[in-house]
Amino acid sequence: MVPTPITIILNSQELNHCKAAANAMTKTMEGKADNPAYTPEKMLPNDVGNYRAKLVECAVGKYLGRPIDFVIYKADATDKWKGKADVSELIECKYERTGKRGPAVQFKDEGKIIVCGHIGQDPSRVKLAGWIHANDLKKFRCLDGRDGKFFCIDLDKCRPMDRNSILDLEKQLLETQ
């Protein structure tokens with residue numbers, strides 16, 4: 001059973017912050033941002049996908065009491081990102097595209113805490129659908145038999161949103177590193 005989502009409301013300043021970070025990210029990634037997990041018909045334009053990713057990241061940061069500072073993102077056509085603006089090195093924020101199926105994760109997400117979010121018609125209302133430790137995924141379900149790097153989380157495997165559980169697991173994981 002899919003956990004009941006928690007809705008986080010973002011204010012206009014947070015929305016503008018996310019939009020600016022997404023725009024910078026899109027410019028930096030131009031020409032390299034196609035995700036092989038999705039067919040071209042399913043792919044959102046990169047700026048829309050980047051904006052949704054930033055909205056979820058911002059909502060998770062707000063929920064966990066860790067505001068995100070996207071100001072360190074700088075776009076330069078010849079350079080990679082000049083910084084990282086994540087909730088944490090162990091918390092990976094992912095948005096699911098349909099509201100029914102979980103987000104795509106990659107092998108590089110192994111060992112991380114995955115928080116799943118959904119953006120509906122109103123970008124200021126981010127639904128945090130649940131979370132899972134990537135190591136608890138017994139079997140990744142590959143999308144369309146593509147290159148095997150991207151997989152879909154089944155939302156019914158996610159735990160309900162609980163700030164303390166997420167932060168406690170993060171603390172445990174940091175202590176074992």
Side-chain angles (χ1 to χ4, degrees), residues 1-11 13-15 17-18 20-22 24-25 28-29 35 37 49-74 80-97 99 101-120 123-143 149-177:
M1 179 173 214
V2 176
T4 303
I6 291 177
T7 301
I8 304 295
I9 308 295
L10 302 179
N11 63 38
Q13 182 181 2
E14 290 164 329
L15 291 172
H17 205 48
C18 291
M25 186 175 183
T28 302
M29 295 171 63
N35 182 336
N50 291 338
Y51 181 49
R52 288 183 180 178
K54 298 302 165 218
L55 292 170
V56 172
E57 190 96 32
C58 188
V60 171
K62 193 170 186 174
Y63 178 73
L64 295 177
R66 294 182 182 170
I68 304 296
D69 184 6
F70 292 126
V71 169
I72 62 174
Y73 276 140
K74 294 184 173 99
K80 299 265 185 206
W81 290 106
K82 298 184 180 188
K84 196 139 175 73
D86 287 328
V87 171
S88 133
E89 66 181 271
L90 291 175
I91 298 175
E92 193 67 34
C93 305
K94 303 282 188 173
Y95 76 95
E96 33 101 9
R97 295 164 187 266
R101 167 184 98 186
V105 294
Q106 304 172 46
F107 286 122
K108 72 180 181 75
D109 296 324
E110 186 177 357
K112 294 185 180 180
I113 299 165
I114 310 293
V115 181
C116 307
H118 178 71
I119 314 297
S124 69
R125 301 177 64 81
V126 180
K127 290 183 182 176
L128 301 181
W131 69 278
I132 191 166
H133 184 216
N135 291 5
D136 292 342
L137 296 168
K138 303 271 189 271
K139 181 180 177 188
F140 283 11
R141 182 166 52 91
C142 191
L143 297 173
K149 291 181 184 175
F150 297 87
F151 302 89
C152 181
I153 294 175
D154 292 322
L155 287 177
D156 62 351
K157 305 283 189 256
C158 288
R159 298 176 185 145
M161 289 301 296
D162 175 34
R163 177 181 298 108
N164 293 332
S165 295
I166 295 169
L167 295 175
D168 287 347
L169 178 57
E170 177 190 37
K171 183 178 177 186
Q172 277 181 346
L173 295 171
L174 286 170
E175 288 171 357
T176 60
Q177 283 188 344

W131 side chain vs C158 backbone, donor-acceptor pair below 3.5 Å: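 No, because the side chain of W131 does not come within donor-acceptor range (under 3.5 Å) of the backbone of C158.
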Side-chain donor/acceptor of K62 to backbone N/O of I9, under 3.5 Å: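 Judged by distance alone, yes, a pair lies under 3.5 Å.
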Give the minimum heavy-atom separation between [X] and [Y], together with the two atoms involved.
X	Y	result
P123	L15	O-CD2, 3.7 Å
I113	I166	CD1-O, 3.7 Å
E96	P103	CB-N, 3.5 Å
I114	A134	CG1-CB, 4.2 Å
L10	E14	CA-OE1, 3.2 Å
C93	V87	SG-CG2, 3.8 Å

How long is the gap from [atom1] on [X] to [atom2] on [Y], to the nearest 0.5 Å?
X	Y	atom1	atom2	answer
T4	L128	OG1	CG	13.0 Å
E57	L55	CD	CG	10.5 Å
S88	K112	OG	NZ	8.5 Å
R52	K94	CZ	NZ	16.0 Å
E92	D109	CD	CG	4.5 Å
D168	Q172	CG	CD	7.0 Å

Residues that I6 engages under side chain to side chain contact (heavy atoms under 4.5 Å, CB included), provided they are two or more places apart: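 Result, side chain to side chain contact (heavy atoms under 4.5 Å, CB included) vs I6: I8, Y63, M161.
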Q13, CD: over 12 other non-hydrogen atoms inside 6.0 angstrom: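 It does not: Q13 CD has 12 such atoms or fewer within range.
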With sequence neighbours left out, what residues match [X] under salt bridge (charged side-chain N to carboxylate O under 4.0 Å, His left out)?
X	result
R66	E170
K127	none
R159	D136

Option passing side-chain contact (heavy atoms from CB on, under 4.5 Å) with V115 (candidates L64, I132, V60, V56):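 Exactly one option meets the side-chain contact (heavy atoms from CB on, under 4.5 Å) with V115, and it is V60.
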Those residues that, when tested against S165, pass side-chain hydrogen bond (donor to acceptor under 3.5 Å, both in side chains) (two or more places apart):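 Applying side-chain hydrogen bond (donor to acceptor under 3.5 Å, both in side chains) to S165 gives D162.
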